[in-house]
Amino acid sequence: MGSSGVLKVFTTRADTLFGATFMAIAAEHPLALAAAARDPELAAFVDECRRGSTMEADVATQEKKGLPTGLHVRHPFTGAPIEVWVANYVLMGYGEGAVMGVPAHDERDFEFAGRHGIPIVTVVKSKSGAYGKAVAPWIPAYGEHGITVDSGEFSGLESDAAVDAIAAALEARGLGAKRVQFRLRDWGISRQRYWGCPIPLIHCPACGDVPVPDKDLPVVLPEHLVPDGSGNPLAKTPEFVHCTCPQCGGPARRETDTMDTFVDSSWYFLRFACADNDEAMVDARAHYWLPVDQYIGGIEHAILHLLYSRFWTRVMRDLGLVQLDEPFAKLLTQGMVLNHIYYRHPEGGRRSYFNPADVEMRDGVPVLIADGKPVVHDGLGTMSKSKGNGVDPSKLIGEFGADTARLFMMFTAPPEQSLEWSDEGVQGAFRFIRRLWKAVHDLVSLGPLPSADFAALDMEQKALRRLAHETLAKVTDDIGRRHTFNTAIAATMELLNVATRTSTASAQGRAVVREAYEVIVLTLSPIIPHVTHALWQSLGHATALIEEPWPKPDPVALVRDEIELVVQVNGKLRGRVTVAAGAPEEVVRAAALAEENACRFMGGKPVRKVIIVPGKLVNIVV
RNA sequence: GCCGGGAUGGCGGAACUGGUAGACGCGCCGGACUCAAAAUCCGGUUCUGGCGACAGAGUGUGGGUUCGAUUCCCUCUCCCGGCACCA
C-alpha cells in the first residue's frame with residue numbers, strides 16, 4: 001500500500017507467518033512518513049522516535065511504544081487484513097525497516113501486543129511440551145522452534161521445514177524470497193575530532209562538494225592545535241578551513257570532520273605489507289603477506305573492530321585491490337586487564353579520576369595519598385585514559401628489568417582471561433630468573449661441559465632427562481597451540497627445581513643437567529630474550545640464541561619403565577600401585593585388588609565391577 | 001533487555017578428551033646462615049579431627065546424569081566484556 005502497493009518485511013521466522021497479527025514499521029519508514037503527513041499525532045510520535053536513541057541497549061530496554069497508521073495490509077496466504085503500526089523498536093537500518101508482528105513467538109512483539117490490545121495467535125507448538133498456547137507472562141520457550149499449528153497447509157511441520165515450505169510457497173506466488181541478511185548497518189565514519197584522518201573534500205558555495213584533487217593529497221592536519229575540550233579545533237582554525245575551490249578557484253571551506261579511527265584500524269595490516277608505497281593503497285606484497293597468520297586483540301574488539309576490518313577487506317576485494325576474503329587466519333582475543341576506579345565529584349564540577357597507585361586504604365576507606373582525603377571507589381573496570389586507572393610498565397621495567405616484567409605478566413594468567421591487575425608476585429619472577437642465572441653459572445664453573453652417553457644413565461639422570469623432554473613437549477604445545485604461557489613457564493620452573501637438585505658430581509650428571517638448562521633457555525627465549533641470550537652463550541654456544549631452531553623432544557628420553565596408578569574404591573582415592581609400563585590388565589587389576597588400604601575399604605564385600613583407565617587409575621566398585 | 005566470557009586455598013592461578021582437586025608462583029609460619037638485617041637455602045602451608053598413619057568435608061547456589069563431575073545437563077546468584085560515536 002506504499003507506492004507499489006506492497007509492504008516488504010524481513011523475518012528469520014517465516015514458520016510463524018500465520019501468527020502475524022500486526023505489522024510494525026520504523027518511524028523513518030516511507031509509509032510512516034506518508035501517514036504522519038495526514039495525522040498530527042502520528043507526526044509528533046514519529047518525531048519523538050527519531051530523537052530517541054538507536055543504541056541497541058536503549059532500544060531493547062525502552063517501553064515498546066507505537067501508534068496505528070490507519071493503514072492495513074493483506075496476509076499473503078489468508079488475505080486477512082492486518083493493521084500497520086509505527087513502533088519505536090523497529091530499526092530502519094536493518095532489514096526492510098518493517099517487521100511482521102508475531103506476539104505469540106517474539107518477545108518484543110508480545111510486549112507490544114499486550115500494551116496495545118493486539119490479539120496473540122499461537123502457531124508453533126513447543127516440542128518439549130513447555131506450553132500449548134502463548135499466554136502472559138512471556139517465557140523464553142515461546143520464542144523457540146517447535147511444530148507449526150493452525151498454519152493452514154503448513155501445519156504440523158518442524159520449524160526449519162516450515163520456514164523452507166513457506167518461503168518456497170511465497171516465492172512461487174511472487175510474494176517473497178529467501179535471502180541472507182547481514183546485520184551490517186550504515187556506518188557513519190565522520191567524527192568531529194581533530195586527530196582523525198582528514199576527509200579530502202572542499203565545500204564550494206558555487207560548485208558544491210568537490211574532492212581534493214590527487215595532486216593536492218594528502219591533506220595534512222595542522223600540528224600546533226591543542227584541543228580545548230569543546231568541539232573540533234579544526235573548525236576553529238581559519239588557515240585550515242579557508243581554501244580555494246579546485247574547480248572554480250573561488251573561496252571555499254575545507255571539510256573539518258575527520259574519519260573515525262575505526263577506518264584506519266580496518267586495513268592498517270594490509271598497509272603494513274607495503275608501507276613504503278606512496279602511489280597506491282596496497283600492492284602485490286599485500287597478496288604475499290596476507291592474511292595475518294595470528295591476530296591478537298582485546299576481547300573488547302570482539303564485535304566492532306573485527307566486524308569493520310572483515311567488512312573493509314571484502315570491500316577492497318570487491319574493488320580488486322586484494323585477493324582475500326578474510327584478513328586474519330587465526331584470532332587470539334586477550335582478556336581485559338582490570339583495575340580499581342577512584343574518583344571525586346566536586347559539586348557543580350566534573351568528575352576527576354585518580355590512579356589506584358595514588359590511593360591507599362585507611363581504616364577501610366580509600367583516600368588519596370597526596371592529601372589523605374577520601375575518594376569514591378567505583379568498582380573494577382578496564383584500564384582507560386578517561387578513568388585514569390592504567391598501569392605504566394616502565395616502573396616495573398626500571399626496577400626489575402624488561403625480562404622480569406615480561407615473565408611476570410606472562411606467568412600471571414592465560415591471555416584469554418580477564419585479570420585484576422596486581423604486581424604482587426613480581427618478586428617471584430625476579431627470583432626465578434636469578435635462580436636460573438645462578439644455576440647455569442654454577443654448572444659452568446665446574447669446568448668444561450661434557451657430552452653424555454645417554455644410554456648409560458643412572459636412575460636420577462634418566463628421570464631428569466625424561467622430565468626435560470616431557471617439559472619440552474609440554475612447553476611447545478602450551479606456547480604453540482594452547483597459548484597458555486603461564487603453564488609453559490610453570491613447567492620450566494618445575495624442571496629447574498629438579499635439575500638443581502640433580503647431582504653434578506659426575507660428567508654424566510653435568511651433561512644431563514646441562515641439557516635440562518638448555519631446554520629451559522631455549523623454550524623461555526621468546527619470553528625472556530635478553531637473559532636467555534646471555535645464558536645460551538654461557539652454556540658454551542658461539543651462536544646467537546635467536547638463530548637457534550626450536551628443539552624437538554627425544555622420543556627415547558620419554559620412555560617410562562614403570563607407571564604409578566591410582567586405586568579408587570567406589571570412586572574415592574584409597575591408594576596407589578606401581579606397575580610395569582604396558583602391564584596387561586590382569587596384572588593391573590590384581591595389583592589394585594591387593595593394595596592394602598584399598599582392601600581395608602572393600603571390607604570383604606563382593607567386587608561388582610573394576611574399571612581400568614590405562615595409565616591413570618583403577619576404580620573398584622563394591 | 002539481548003549476546004559472549006567467568007566464579008577453584010589468604011592471593012594469582014593449575015587440573016588440556018569425564019579419571020589423583022589445588023601444579024607453579026605469591027604471601028604466611030618455622031628453621032639454617034648472620035653480631036644484626038637484607039639476600040639466599042631447607043621444611044611446612046585447602047579446611048576439620050588426630051602425635052601420626054589416616055579419616056571426613058571441599059571447586060559461587062540448588063538439583064540431575066555417571067562406577068567416577070572443577071569438567072556434561074538444568075536452575076539461580078554475582079562479576080567482567082560487547083550491543084555499531086571510547087578504540
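Per chain, numbering begins at 1; letters A, B, ... match sequence-line order.
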J.: Side chain of A:Val621, heavy atoms from C-beta onward: which of B:G56, B:C24, B:C67 has the nearest atom to it?
T.: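 Output: B:C67.
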J.: By nearest atom, which of the nucleotides B:A84, B:G56, B:G12 is closest to the A:Leu419 side chain?
T.: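 From the listed options, B:G12 comes nearest.
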J.: In terms of side-chain heavy atoms of A:Arg193, which of B:A87, B:C24, B:G19 is nearest?
T.: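 Shortest atom-to-atom distance from the side chain points to B:A87.
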J.: Check every strand shown and say whether A:Gln417 touches a base, only sugar-phosphate, or nothing at a heavy-atom separation below 4.0 Å.
T.: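 Sugar-phosphate, backbone atoms only, no base.
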J.: Rounding to a whole Å, what distance do you find between A:Leu524:CG and B:G25:P?
T.: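 A:Leu524 atom CG is separated from B:G25 atom P by 13 Å.
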J.: Using a cut-off of 4.0 Å on non-hydrogen atoms, how would the nucleic acid contact of A:Ile620 be classed: base, sugar-phosphate, or nothing?
T.: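 Counting heavy atoms under 4.0 Å across all strands, no contact is made by A:Ile620.
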J.: Ignoring the backbone of A:Leu617, work out which of B:U20, B:A55, B:A14 is nearest its side chain.
T.: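 For A:Leu617, the side-chain atoms sit closest to B:U20.
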J.: Name the residue from A:Phe411, A:Trp437, A:Phe400, A:Phe408 that meets the ring-ring contact (aromatic ring centres under 6.0 Å, His included) definition with A:Phe430.
T.: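 Of A:Phe411, A:Trp437, A:Phe400, A:Phe408, ring-ring contact (aromatic ring centres under 6.0 Å, His included) with A:Phe430 is met by A:Phe400 alone.
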J.: Taking atom P of B:G68 as reference, at what distance in whole Å does atom NZ of A:Lys572 sit?
T.: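 So the NZ-P distance, A:Lys572 to B:G68, works out to 11 Å.
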J.: Please list, pair by pair, any protein nitrogen or oxygen found under 3.5 Å from a nitrogen or oxygen in nucleotides 38-45 of chain B.
T.:
| from | atom 1 | to | atom 2 | distance (Å) |
| --- | --- | --- | --- | --- |
| B:A39 | O3' | A:Arg434 | NH2 | 3.0 |
| B:U40 | OP1 | A:Arg434 | NH2 | 3.3 |

J.: What is the separation between atom CE on A:Met92 and atom P on B:A84, rounded to the nearest whole Å?
T.: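 Rounded to the whole Å, the gap is 19 Å.
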J.: Taking the six-membered ring for Trp, is the centroid-to-centroid distance between A:Trp187 and A:Phe262 below 6.0 Å?
T.: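 Not close enough - the centres of the two rings lie 6.0 Å or further apart.
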J.: If you write RNA chain B from 5' to 3' in dot-bracket form, with Watson-Crick or G-U pairs under 3.5 Å, [ ] for crossing pairs and | for pairs with another strand, what do you get?
T.: (((((((..(((......[....)))((((((.......))))))((((....))))..(.(((..]....))).))))))))....
J.: Between A:Ser384 and A:Ser386, is any side-chain donor less than 3.5 angstrom from a side-chain acceptor?
T.: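 On atom types as modelled, these side chains qualify, holding a pair under 3.5 Å.
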J.: So for A:Arg481 and B:C16, does any side-chain atom that can act as donor or acceptor lie under 3.5 Å from a complementary atom in the base?
T.: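 Yes.
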J.: With the side chain of A:Arg600 defined as its heavy atoms from C-beta on, choose the nearest nucleotide among B:U20, B:G12, B:A55.
T.: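 Nearest listed nucleotide: B:A55.
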J.: Pairing donors with acceptors under 3.5 angstrom, does anything connect the side chains of A:Tyr89 and A:Asp109?
T.: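 Yes, because at least one side-chain N or O of A:Tyr89 sits under 3.5 Å from a partner of the opposite role on A:Asp109.
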J.: Starting the side chain at C-beta, find the nucleotide from B:A87, B:C67, B:C85 nearest to A:Thr261.
T.: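 The answer is B:A87, which lies nearest to the side chain.
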J.: In whole angstrom, what separates A:Ile612's CD1 from B:G18's P?
T.: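 Rounded to whole Å, this separation is 21 Å.
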J.: Just checking A:Thr382: base, sugar-phosphate only, or nothing, at a heavy-atom cut-off of under 4.0 Å?
T.: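 The answer is sugar-phosphate, as A:Thr382 gets under 4.0 Å only of primed atoms, P, OP1 or OP2.
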J.: By nearest atom, which of the nucleotides B:A84, B:C24, B:G12 is closest to the A:Met493 side chain?
T.: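 For the A:Met493 side chain, the nearest candidate turns out to be B:C24.
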J.: Between A:Ala468 and A:Val519, what is the shortest heavy-atom contact and its length?
T.: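 Taking every non-hydrogen atom into account, O-CG1, 3.8 Å.
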J.: Does a donor on one side chain and an acceptor on the other come within less than 3.5 Å for A:Arg191 and A:Asn232?
T.: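 On atom types as modelled, these side chains do not qualify, holding no pair under 3.5 Å.
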J.: Choosing from B:G81, B:G19, B:A55, which nucleotide comes nearest the side chain of A:Arg574?
T.: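 For the A:Arg574 side chain, the nearest candidate turns out to be B:A55.
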J.: Less than 3.5 Å apart, any donor N or O on the side chain of A:Glu420 or A:His340 sitting next to an acceptor on the other?
T.: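 Yes, a side-chain donor-acceptor pair sits under 3.5 Å.
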J.: Should the heavy atoms of other residues, nucleotides or ligands under 6.0 Å from CD of A:Glu585 be counted, would the total exceed 12?
T.: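 Count not over threshold, so no.
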J.: Between A:Asn570 (side chain) and A:Val622 (backbone), is there a donor-acceptor pair under 3.5 Å?
T.: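 Side chain of A:Asn570 to backbone of A:Val622: a pair is present.
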J.: Of the listed nucleotides (B:G19, B:A23, B:A14), which one gets closest to any side-chain atom of A:Glu494?
T.: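 Given the options B:G19, B:A23, B:A14, the side chain of A:Glu494 is closest to B:A23.
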J.: Compare the minimum distances between each of B:C24, B:A14, B:C54 and the side chain of A:Thr487, then state the nucleotide with the smallest one.
T.: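 Out of B:C24, B:A14, B:C54, the nucleotide with an atom closest to A:Thr487's side chain is B:A14.
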